[in-house]
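Residue numbers start from 1 in every chain, and the chains themselves are labelled A, B, ... in the order their sequence lines are given, proteins ahead of strands.
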Number of protein chains: 2
Amino acid sequence: MENLKTQKAYKGQPKILVATDCIVLGFDEGVLKLLVFKRRVDPLAGEWSLIGSFVNEDESITDAARRVLLKFTGLEDIFMEELRTYSDVDRDPGGRCICIAQYALISIADYDRGQVEKHGARWFTFDELPNLVLDHNDMVAEALKKVREKARHRPIGFELLPEKFTIPQLQKLYEAIYQRLLDDRNFRKKLLSFGLLIKLDEKDRSGSKKGAFYYRFDHEKYAKLEKSGFDFEI
Amino acid sequence: MENLKTQKAYKGQPKILVATDCIVLGFDEGVLKLLVFKRRVDPLAGEWSLIGSFVNEDESITDAARRVLLKFTGLEDIFMEELRTYSDVDRDPGGRCICIAQYALISIADYDRGQVEKHGARWFTFDELPNLVLDHNDMVAEALKKVREKARHRPIGFELLPEKFTIPQLQKLYEAIYQRLLDDRNFRKKLLSFGLLIKLDEKDRSGSKKGAFYYRFDHEKYAKLEKSGFDFEI
DNA sequence: CCAAAAGTGTTCCCTCTACACCCATGT
DNA sequence: ACATGGGTGTAGAGGGAACACTTTTGG
């Protein structure tokens, strides 16, 4: 840390409460789901809310979001990206507070059910999603829009699937994200053409008698390609 | 405002200094330029810095950024978008402070030279750009990356040109953004094919004897198209 | 043997790219 | 008349979209 002189430089400037809220998306039973919980602090205690927290003085926004996600899902190393800052002066009746919203994509198979229940959290599909507190509905809508846009150019879909997945699963995921049906032949062709899916010997027989081969995404190869300007366009 | 009960709800939570910095880009003499100024507060007073300010308790981040831009350029209604939040605990030796960076695109013909000079600000090309304080170099690099990506799908280029512009001017702008030469026939064809450029009767004769027709961008028509999912792809 | 999902190829069309010459005008 | 930048058309290649049938196997 620096010295007293520099500490004084910013003395008297207006400090503000800073929070972060997470739009946590998962993919389960062929549909996208959102993790929300019952807010415990007043005002609006008992209402449905995104999971979030105030940001402490000794942590970055990312640190705070990771702390929240760990607490509510038991998961670490989750894909997470900043959405935007919500800073309207009157956005929170509890007091002036800006919020940096982040969206997180998780493989719904992996989360810790115990943690979720312990904190009064629940997964909702978007059909049955209740009204959320404050500007959280806006955050969710914007996050969905951003995920849709982003999925067209970056392979973020794989974050929502387990390590091993089948092509039909992947297609259903993209259909859920884009909200429209895709041609199965063209989809498979396109995805395989990138050379980024590694076919495994194992089959998933839960979806059909014939069984579908498992694949995994080649993150290492993609990382290299991305540096040289590769666009994962779907 | 609400009542004392709710004010108390967040009592004791950690307040933090919040700032916003603006990556102000302009296009002049065929190259992109960045507006920076000599920082006046300690620590690091006298060093080159992005223009910015602390966020007051009674204003949103956008309000703060608009205030800064007005002060330094004399301009209002500027295109501006959030880049991201910089929140590393040690990013500022002056004290814990998070910063929401925003990039702004302005028509360099329009700004108020008096305002710029009065505040010790200057336009730099990226070739001659000096080192900036704190993490401002990162912010600039990320803003450029974002502008490049965004320009491929949204008509943000027009924000950097005057209301009236010629096709060759527009092409030079895109060449400056993408850092590569474009084919003039294909470029013209593509741009005109959208039906979003309105040809004026007037010519700009500053660049050649023959003169190039002025056009303006049809913002209204684009707004409608965008709602129905139109992608302005260049 | 049948139902149910997995897997496979081809044709057409449209868009992107590459490329070279005439036009208008001020000096 | 000439130099300078503005403006136009076309042919070939490649990628996206549309489309139907065979394969596998548990029950």
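The side chain of Lys189(B) lies closest to dT17(C) when the candidates are dA6(C), dG26(C), dT17(C). For Phe213(B), the side-chain atoms get nearest to dG7(D) when compared with the rest of dG26(D), dG6(D), dG7(D). The side chain of Lys209(A) approaches dT25(D) more closely than any other nucleotide in the set dA20(D), dC19(C), dT25(D). Of the candidates dA18(C), dC19(D), dA6(C), dA6(C) carries the atom nearest the Ala212(A) side chain, counting heavy atoms from C-beta on.
Lys210(A) contributes a side-chain N or O that forms a donor-acceptor pair with the base of dA6(C) under 3.5 Å. Remark: the Asn186(A) side chain and the dA18(D) base include a donor-acceptor N/O pair separated by less than 3.5 Å.
The separation between Ile234(A) atom CD1 and dA17(D) atom C1' is 16 Å, rounded to whole Å. Rounded to an integer number of Å, the gap from Asp184(A) CG to dA4(C) P is 17 Å. Distance Tyr214(A) OH to dG7(C) C1': 17 Å, rounded to the nearest Å. Between Phe187(A) atom CZ and dT8(C) atom C1' there is a gap of 16 Å when expressed in whole angstrom units.
The shortest distance between the side-chain N/O atoms of Arg188(A) and the OP1/OP2 oxygens of dG7(C) is below 4.0 Å. Proximity of Lys190(A) to the phosphate of dG16(D): a side-chain N or O atom is located under 4.0 Å from OP1 or OP2.
Nearest-nucleotide positions on DNA chain C place Ser208(A) closer to the 5' end than the other of Ser208(A) and Asp183(B).
Ion pairing of Glu233(A) with Arg152(B) is absent here, as no side-chain N (NZ or NE/NH1/NH2) approaches a carboxylate O to less than 4.0 Å. A salt bridge between Glu128(A) and Arg122(A) is present, with a side-chain N of the basic residue lying under 4.0 Å from a carboxylate O of the acidic one.
Taken from CZ in Phe213(A) to OG1 in Thr166(A), the straight-line distance is 11.5 Å, to the nearest 0.5 Å. Here the straight-line distance linking atom CD of Glu220(A) with atom CG of Leu196(A) works out to 10.5 Å at 0.5 Å rounding.
For Phe232(B) and Phe194(B), the ring centers sit closer than 6.0 Å to each other.
Arg205(B) comes within 4.0 angstrom of the backbone, heavy atoms only, and of no base.
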